[in-house]
Amino acid sequence: MLIQAGSLLSMEGPPRSPAVVRIAGNQIAEVESAELRVKKKGEEPVLDLSRFVLLPGFVNAHSHLELTAIGPIDGKPDFVSWIRQLVKKKTLLDPEEQKKGIREGVKKFINSGVTTIGDQISFNTEWEEITGSPLRGRLFGEVLGILPEICADIYSTFKQIKEQLSATDSLFKMHISPHSVYAVHPLVLEKILENEPPPLSCHLAESLAEEDYFKRKGGELMKFIQERGIDAPHQGISGLDVLFRLNLNLSSLMIVHGNYLNSSDQALIEKNNLSLVHCPGSHAYFGHRPFPLEKYLSCGFNVALGTDSLASNLKLDFLEELRLVKKTHPSLSASTILEMATLTGAKALKMENQIGSITPGKKADMIGFKWDGKTAPEDIVLKADQVDFVMIDGKIVRYLDGEQFVRNLNS
Ligand SMILES: [Zn+2]
């Protein structure tokens with residue numbers, strides 16, 4: 001199939017207006033200047049998106065679809081009260097409600113241009129609802145438990161799920177990861193970091209409560225952990241510092257949040273070339289201190305974007321996350337923000353060989369926005385309140401005004 005695009009933001013080089021992309025199966029076969037369409041028209045189906053801006057699908061590097069049904073926890077609670085309420089609500093959640101929430105979340109992601117996710121799951125999540133969706137991505141099995149035996153049990157459950165998933169033809173791969181450092185016993189942290197292939201998604205330096213726990217050995221998070229009947233077993237002044245002191249290889253980590261990174265954490269990120277996932281909506285929900293995004297980008301950090309879950313975000317709308325970044329960091333250009341939303345996200349999930357740019361050989365995951373032909377293509381994306389075209393793995397999963405084309409294609 002040939003796709004004629006009004007403007008192509010391939011994430012490799014400047015915009016091309018117009019351009020033609022050839023899809024072969026589930027892959028991008030060719031990306032060319034507009035002349036190709038004249039030569040090859042008539043030989044294969046042509047999808048006319050000449051009034052659209054086309055770009056790679058968005059990568060939402062951090063989500064928890066399983067929490068969609070829970071929704072935002074009311075009352076702007078502090079971080080640890082939020083965890084307490086979340087744990088309670090999660091226990092009461094019926095599996096059918098959870099599945100319904102996952103389906104709604106997937107829909108919200110696709111409608112806002114997300115084609116790949118890095119989604120966290122618990123050991124008892126209805127994960128097949130996620131892997132059976134049209135999306136692509138990583139499924140991060142969150143190992144959680146401060147008591148070593150509980151933690152080890154969850155780890156082995158995830159190993160079974162990983163095996164089950166690898167026997168399917170889903171577009172997801174499972175990566176067993178530590179939920180965080182504070183919530184996992186050091187013995188199990190060691191096992192995961194030594195044995196599990198990258199990327200390992202880990203909540204790190206998320207809240208002031210976490211900072212209090214490591215740095216001052218006190219606060220609400222310390223109380224919460226002590227209630228589990230164990231003395232806080234971690235040695236170090238931050239989550240990353242604990243792992244460093246255990247002499248573990250940090251290079252597999254993908255740091256989620258990083259709202260309160262100290263200078264030695266930042267040095268470890270630089271040394272190990274670690275990716276960070278910033279979650280603008282969740283950051284605003286908790287009212288964390290301003291995120292030093294400009295500084296991190298100028299240091300060369302790979303900063304991707306995530307929605308986090310609906311339990312700590314008012315919407316599951318990736319376009320809203322892009323607008324939030326622009327609002328809180330107005331000096332960033334639209335093209336920098338779009339790169340964070342695509343190629344950088346792909347690098348964070350270690351999927352840049354498959355997705356993140358419109359490049360021959362990569363998977364055909366693309367999104368399109370209607371375009372007036374005048375406005376800068378990048379600006380159209382940041383102003384849009386929905387996506388008009390979505391293709392994942394070479395299949396059209398959303399095409400407003402193009403149902404007839406899709407019907408003809410499938411007939
Ligand atoms: Zn999270």
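Just so you know, ligand 1 is whichever comes first in the structure, and atom 1 is the first atom listed for that ligand.
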**Prompt:** Charged N to carboxylate O under 4.0 angstrom, Arg138 versus Asp119?
**Reply:** no
**Message:** Keeping Asp212 on the side-chain end and Gly219 on the backbone end, is there a donor-acceptor pair under 3.5 Å?
**Reply:** no
**Asked** Are the side chain of Asp365 and the backbone N or O of Ile392 linked by a donor-acceptor pair below 3.5 Å?
**Response** no
**Prompt:** Is the closest side-chain donor-acceptor distance between His234 and His185 under 3.5 Å?
**Reply:** no
**Request:** For the Zn ion (ligand 1), check which protein N, O or S atoms are under 2.8 Å away and list them.
**Result:** His62 NE2, His64 NE2, His203 NE2
**Message:** Checking Phe214 against Glu210 for the side chain to side chain contact (heavy atoms under 4.5 Å, CB included) test, could you report, in this order, the C-alpha distance in whole Å, the side-chain angles of both residues, the deciding distance, and whether it holds?
**Reply:** CA-CA 6 Å; Phe214 288 116; Glu210 183 180 337; 3.7 Å; yes
Exercise answer: donor-acceptor pairs, residues 245-260 side-chain atoms, under 3.5 Å, sequence neighbours excluded:
{"residue": "Arg245", "atom": "NE", "partner": "Asp241", "partner atom": "OD2", "Å": "2.8"}
{"residue": "Arg245", "atom": "NH2", "partner": "Asp241", "partner atom": "OD2", "Å": "2.9"}
{"residue": "Asn249", "atom": "OD1", "partner": "Ser251", "partner atom": "N", "Å": "3.0"}
{"residue": "Asn249", "atom": "OD1", "partner": "Ser251", "partner atom": "OG", "Å": "2.8"}
{"residue": "Asn249", "atom": "ND2", "partner": "Ser251", "partner atom": "OG", "Å": "3.4"}
{"residue": "His257", "atom": "NE2", "partner": "Glu206", "partner atom": "OE2", "Å": "3.2"}
{"residue": "His257", "atom": "NE2", "partner": "Asp308", "partner atom": "OD2", "Å": "3.3"}
{"residue": "Asn259", "atom": "ND2", "partner": "Glu206", "partner atom": "O", "Å": "3.0"}
{"residue": "Tyr260", "atom": "OH", "partner": "His288", "partner atom": "ND1", "Å": "3.1"}
{"residue": "Tyr260", "atom": "OH", "partner": "Arg289", "partner atom": "N", "Å": "3.3"}

